[in-house]
Amino acid sequence: MAQLKRMECQFEIKSSADKFFDVYKNKGYLMPKLSNQVVTDIKLLQGDWNSEGSCRLWHIVVDGGKIESVKEVFEKVDDTNRTIVYKLVGGEIMDAYKTWRSILNVTPMGSGSLVKWTMEFEKQNESIPDPVKYGEFLTVWSKNVDAYLLNA
């Protein structure tokens with residue numbers, strides 16, 4: 001029987017926590033511009049860009065250049081703790097995983113911030129590898145957004 005697993009990636013950025021969190025919460029439509037190295041397109045399928053329950057279709061670059069589609073629901077936003085929960089509901093990633101949530105948490109740290117992505121997932125079967133390539137995607141994506149914000 002499969003079980004829920006967690007994988008985390010954590011790193012420092014130079015942008016303020018409020019500025020960085022605001023981009024992820026309110027400006028998802030800008031991601032292909034802010035991080036075109038790993039986000040090639042995003043479309044709003046239901047709702048609006050910053051409300052819980054909204055659904056979006058992403059096209060992302062993983063694993064050294066492979067483009068995948070990811071359908072996600074903006075599941076929960078906690079402004080006080082600067083946390084967003086994305087529930088994945090479609091795309092290639094769901095061929096390997098029964099359930100998937102990506103949780104972003106941004107904490108002020110000095111003049112910058114600490115970014116923590118938590119991936120909660122249940123594999124379709126035990127032969128599925130751990131989702132290291134998606135952790136790498138989340139890290140590159142976040143660092144690209146940070147670099148853009150610092151130069152804006």
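Note that the coordinates shown come from a computational prediction; the quantities given were computed from them, not determined experimentally.
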**Prompt:** Is it true that V73 and L44 fall in one hydrophobic cluster, defined by side-chain heavy atoms closer than 4.5 Å?
**Reply:** no
**Item:** Minimum side-chain heavy-atom gap F121-L4 below 4.5 Å
**Value:** no
**Request:** Output the distance between atom CD1 (I84) and atom CZ (R101), rounded to the nearest 0.5 Å.
**Result:** 15.0 Å
**Prompt:** What heavy-atom pair brings D78 and F21 nearest, and what distance separates the two atoms?
**Reply:** O-CZ, 4.0 Å
**Prompt:** Could you give the distance from OG1 (T99) to CD (Q124), rounded to the nearest 0.5 Å?
**Reply:** 9.0 Å
**Request:** Would you check if W117 and S102 make a side-chain contact, meaning some heavy-atom pair closer than 4.5 Å?
**Result:** yes
**Request:** Compare every heavy atom of P129 with every heavy atom of Y97, then report the nearest pair and how far apart it is.
**Result:** OH-O, 2.9 Å
**Asked** Going from NZ on K66 to CD on E92, what distance comes out if it is rounded to the nearest 0.5 angstrom?
**Response** 5.5 Å
**Asked** Residues in side chain to side chain donor-acceptor pair (under 3.5 Å) with T40, at least two apart?
**Response** none
**Asked** Nearest 0.5 Å, what's the CH2-CD1 distance between W49 and I42?
**Response** 4.0 Å
**Prompt:** Is the closest side-chain heavy-atom distance between I103 and T83 below 4.5 Å?
**Reply:** yes
**Request:** Verify whether one side chain among S54 and Q46 offers a donor that lies under 3.5 Å from an acceptor in the other.
**Result:** no
**Message:** Do W100 and I93 make a side-chain contact, defined as non-hydrogen atoms from C-beta onward lying under 4.5 Å apart?
**Reply:** yes
**Prompt:** Any side-chain heavy atom of F74 within less than 4.5 Å of one from C55?
**Reply:** no
**Asked** Distance only, no hydrogens: is a donor on one side chain within 3.5 Å (strictly under) of an acceptor on the other, for Y134 and E68?
**Response** yes
**Item:** Within one Ile-Leu-Val-Met-Phe-Trp-Tyr cluster: Y148 and V61, side-chain cutoff 4.5 Å
**Value:** no
**Item:** Any residue meeting side chain to side chain donor-acceptor pair (under 3.5 Å) with E136, in chain and number order, not counting sequence neighbours
**Value:** none
**Message:** How long is the straight-line distance from CG of N50 back to CG of N26, given to the nearest 0.5 Å?
**Reply:** 4.5 Å
Which pairs of donor and acceptor atoms, one on a side chain in residues 7-17, lie under 3.5 Å apart (sequence neighbours left out)?
residue : atom : partner : partner atom : Å
S15     : OG   : D146    : OD1          : 2.5
S16     : OG   : K19     : N            : 3.1

**Prompt:** Is there side-chain contact between V89 and M94, with heavy atoms separated by less than 4.5 Å?
**Reply:** no
**Message:** Please check if the number of heavy atoms outside K76 that lie under 6.0 Å from its NZ is greater than 12.
**Reply:** no
**Request:** Check the hydrophobic clustering (I, L, V, M, F, W, Y; side-chain heavy atoms under 4.5 Å; chains of links allowed) and say if V70 and Y86 are grouped together.
**Result:** yes
**Request:** Tell me whether F20 is reachable from L150 by hopping between hydrophobic residues (I, L, V, M, F, W, Y) whose side-chain heavy atoms are closer than 4.5 Å.
**Result:** no
**Prompt:** Can you find a heavy atom in the side chain of W141 that is under 4.5 Å from one in the side chain of M31?
**Reply:** yes
**S142 and N144: side chain donor to acceptor below 3.5 Å** = no
**Message:** In the structure I gave you, are the side-chain heavy atoms of V23 and L149 within less than 4.5 Å of one another anywhere?
**Reply:** yes
**Request:** Look at the side-chain heavy atoms of Ile, Leu, Val, Met, Phe, Trp and Tyr, link any pair under 4.5 Å apart, and say whether I60 and Y24 land in one connected group.
**Result:** yes
**Asked** In Å and rounded to the nearest 0.5 Å, what is the NZ to CD distance from K87 to E75?
**Response** 5.5 Å
**Message:** Show me the pairs that pass salt bridge (charged side-chain N to carboxylate O under 4.0 Å, His left out) and involve residues 20-38, at least two apart or across chains.
**Reply:** D22-K27, K25-D79
**Prompt:** Can you list every pair that meets salt bridge (charged side-chain N to carboxylate O under 4.0 Å, His left out) and has a residue in residues 36-57, with sequence neighbours left out?
**Reply:** D41-K43, R56-E72
**Asked** By salt bridge (charged side-chain N to carboxylate O under 4.0 Å, His left out), which residues pair with D130, not counting sequence neighbours?
**Response** K123
